[in-house]
Protein chains: 2
Amino acid sequence: MTVPEQRLQEALTTLKKSGVRITPQRHAVLEYLMQSMKHPTADEIYKALEDKFPNMSVATVYNNLRVFLDIGLVRELTYGDSSSRFDCNTSDHYHIICDECGKIVDFHYPSLNEVEQLAEQVTGFDVTNHRMEVYGTCEDCQQLAKH
Amino acid sequence: MTVPEQRLQEALTTLKKSGVRITPQRHAVLEYLMQSMKHPTADEIYKALEDKFPNMSVATVYNNLRVFLDIGLVRELTYGDSSSRFDCNTSDHYHIICDECGKIVDFHYPSLNEVEQLAEQVTGFDVTNHRMEVYGTCEDCQQLAKH
DNA sequence: TTCTTACATTAGAATGCTTATAATCTAGTT
DNA sequence: AACTAGATTATAAGCATTCTAATGTAAGAA
Ligand SMILES: [Mn+2]
Ligand SMILES: [Mn+2]
Ligand SMILES: [Zn+2]
Ligand SMILES: [Zn+2]
């Protein structure tokens with residue numbers, strides 16, 4: 001069993017344990033998320049599944065994403081005014097984003113605990129988490145720029 | 001002359017140099033931004049000025065914010081699906097945000113250059129910048145939670 | 001000062017993403 | 001097979017932001 005298949009099975013088990021029904025649409029959204037490496041938007045999921053489910057409502061995609069978020073199966077990534085993206089990799093990792101083509105790539109780095117600690121001392125906040133992304137131009141877009 | 005007043009004068013000079021007309025509405029939006037310490041939204045600016053300019057359009061606020069952004073007089077802060085906030089402090093600094101009340105506080109920390117360098121090496125991206133925010137509960141909200 | 005015009009403002013429509021509503025359907029249990 | 005809480009659907013609504021087209025005006029020129 002491949003890694004995405006395994007993650008899908010685990011996710012289905014988690015859903016059942018939470019008393020969430022497994023409908024064909026829900027299964028398909030989950031499956032697409034688990035096998036996708038590209039942090040899709042709700043609309044991308046909707047369009048990817050419209051052949052299989054021609055009558056599926058876009059609300060169904062949003063409803064299911066909400067369910068998955070609440071259970072902790074996916075993460076929501078928000079960037080400015082464009083649409084949210086969804087990440088089925090819930091382990092701690094950062095992202096690097098291409099300013100040209102919008103590509104989002106996973107990127108591992110030790111968690112910035114010193115920053116959180118200093119922020120706590122300086123501001124008096126009770127710190128819970130942080131967010132960090134790196135921006136630049138991906139290799140593909142660097143190549144394109146040369147020609 | 002106070003610091004906000006000085007910043008306003010400098011900003012007006014920059015606008016004139018760029019060939020941008022100084023209208024009463026534009027002046028008021030700029031003045032409000034420069035004296036505000038709270039990273040206002042477009043709508044907050046609009047509402048703050050409606051006594052002075054009862055006929056001002058919300059589009060005027062957005063238009064002027066865009067002009068200021070293009071010239072580099074303000075920064076836009078985007079958080080999830082809620083509305084953008086605008087920061088007249090264009091010097092390098094980070095933010096810490098209260099999860100309870102939404103307050104945004106400036107917070108200085110040396111720039112995370114090592115992160116950018118490592119990201120560049122690992123991903124092959126040509127890195128230009130990064131974004132980082134810390135989240136938690138502010139002191140006021142901590143006090144409220146105790147009672 | 002008056003004239004001129006390119007730029008700015010205004011009201012309202014339009015857009016894009018997301019959520020709400022209410023009718024219909026169905027997964028999973030009895 | 002019957003039941004029902006929960007899911008799906010089509011559509012409307014909400015919200016921040018941008019667009020459009022008519023009107024107004026800042027600032028330089030005459
Ligand atoms: Mn990721
Ligand atoms: Mn700031
Ligand atoms: Zn790219
Ligand atoms: Zn607070």
Side-chain angles (χ1 to χ4, degrees), chain A residues 11-32 39-71 73-86 102, chain B residues 11-32 39-71 73-86 102:
Chain A
L12 288 170
T13 304
T14 306
L15 284 176
K16 279 177 194 162
K17 273 185 195 157
S18 308
V20 174
R21 289 186 191 164
I22 313 297
T23 66
Q25 295 89 338
R26 180 164 287 159
H27 188 282
V29 171
L30 191 58
E31 185 176 34
Y32 182 81
H39 308 88
T41 64
D43 198 60
E44 281 169 1
I45 298 171
Y46 175 65
K47 285 192 165 49
L49 299 179
E50 70 181 354
D51 283 346
K52 223 176 181 177
F53 296 92
N55 296 318
M56 184 167 65
S57 168
V58 69
T60 297
V61 176
Y62 280 102
N63 288 342
N64 281 309
L65 288 170
R66 171 83 57 86
V67 169
F68 301 157
L69 283 171
D70 289 347
I71 302 187
L73 290 178
V74 299
R75 293 254 169 90
E76 185 173 6
L77 310 177
T78 58
Y79 302 112
D81 54 349
S82 64
S83 43
S84 285
R85 297 188 162 272
F86 296 88
Chain B
L12 288 169
T13 305
T14 306
L15 283 175
K16 279 175 192 160
K17 273 185 195 159
S18 308
V20 174
R21 289 185 191 163
I22 313 296
T23 65
Q25 295 89 337
R26 179 164 288 161
H27 188 282
V29 171
L30 191 59
E31 186 176 35
Y32 182 81
H39 309 87
T41 64
D43 197 60
E44 282 169 1
I45 298 171
Y46 175 65
K47 286 193 163 49
L49 299 179
E50 71 181 353
D51 283 346
K52 223 175 181 178
F53 297 91
N55 296 319
M56 183 166 66
S57 168
V58 68
T60 298
V61 176
Y62 280 102
N63 288 343
N64 281 311
L65 288 170
R66 171 83 57 87
V67 169
F68 302 157
L69 283 171
D70 289 346
I71 301 185
L73 291 177
V74 299
R75 294 254 170 91
E76 184 173 8
L77 311 177
T78 57
Y79 301 112
D81 54 349
S82 64
S83 43
S84 284
R85 298 188 161 272
F86 298 88

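Letters A, B, ... are given to chains in the order of the sequence lines, protein chains preceding strands, and every chain is numbered from 1.
- Contact of the B:I45 side chain with the B:N64 side chain is not registered, since no non-hydrogen atoms from C-beta on lie closer than 4.5 Å.
- For C:dG16, neither phosphate oxygen OP1 nor OP2 lies less than 4.0 angstrom from any side-chain nitrogen or oxygen of A:S82.
- Taking atom CG of B:L65 as the reference point, atom P of C:dT9 lies 11 Å away to the nearest angstrom.
- The two residues B:A42 and B:F86 have their closest heavy-atom pair at N-CE1, 4.1 Å.
- Scanning residues 45-59 of chain B for heavy-atom distances under 4.0 Å to DNA chain C yields B:N55, B:M56, B:S57, B:A59.
- Using a 4.0 Å heavy-atom cutoff across all strands shown, B:T41 reaches no nucleic acid atom at all.
- Under the 4.5 Å side-chain criterion, counting only non-hydrogen atoms from C-beta, B:V61 is not in contact with B:Q25.
- The side-chain hydrogen bond (donor to acceptor under 3.5 Å, both in side chains) check on A:S82 picks up nothing, with sequence neighbours excluded.
- Residues A:E76 and A:L65 form no side-chain contact, since every pair of their non-hydrogen atoms from C-beta on lies 4.5 Å or further apart.
- Applying the salt bridge (charged side-chain N to carboxylate O under 4.0 Å, His left out) test to pairs two or more places apart or on separate chains, none has a residue in residues 16-27 of chain A.
- Partners of A:I71 according to the side-chain contact (heavy atoms from CB on, under 4.5 Å) rule, which considers only residues two or more places apart in sequence or in another chain, are A:T14, A:L15, A:S18, A:V20, A:V67, A:L73.
- Partners of B:S83 by side-chain contact (heavy atoms from CB on, under 4.5 Å), not counting sequence neighbours, listed by chain and number: B:T41.
- When side chains are defined from C-beta on, B:Y79 does not count as touching A:T78, because their heavy atoms never get closer than 4.5 Å.
- Between the side chain of A:R85 and the main chain of A:L77, no donor-acceptor pair closer than 3.5 Å is present.
- Checked against side-chain hydrogen bond (donor to acceptor under 3.5 Å, both in side chains), A:T60 has no partners two or more places apart in sequence or in another chain.
- Residue A:D43 is classed as having no contact, given no heavy-atom separation below 4.0 Å to the nucleic acid.
- Atom-to-atom, CG of B:L15 to C1' of C:dA8 comes out at 13 Å; the value is rounded to the nearest Å.
- In the helix from C:dT1-D:dA30 to C:dT30-D:dA1, the terminal helix axes, each the rotation mapping four pairs' C1' atoms onto the next four within five end pairs, subtend 20°, rounded to 10°.
- Distance B:R66 CZ to C:dA8 P: 13 Å, rounded to the nearest Å.
- Atoms CG (A:N63) and P (C:dT21) sit 13 Å apart, rounded to a whole Å.
- Taking only side-chain nitrogens and oxygens, A:Y62 comes nearer than 4.0 Å to OP1 or OP2 of C:dT18.
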Just distance, no hydrogens or angles: give the donor-acceptor pairs under 3.5 Å from side chains in residues 46-58 of chain A, sequence neighbours left out.
| from | atom 1 | to | atom 2 | distance (Å) |
| --- | --- | --- | --- | --- |
| A:K47 | NZ | A:D43 | OD2 | 2.8 |
| A:S57 | OG | A:A59 | N | 3.0 |

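- By the side-chain contact (heavy atoms from CB on, under 4.5 Å) test, B:R75 is found to be paired with B:D87, B:T90, B:D92, residues two or more places apart in sequence or in another chain being considered.
- Note that the first and last nucleotides of DNA chain D, 5' to 3', having any atom under 4.0 angstrom from a heavy atom of chain B are D:dA16 to D:dA27.
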Can you build the contact string for nucleotides 23-30 of chain C? Use B for base contact, S for sugar-phosphate-only contact, and - for no protein heavy atom under 4.0 Å. ---BBS--
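- A:S83 comes within 4.0 angstrom of the backbone, heavy atoms only, and of no base.
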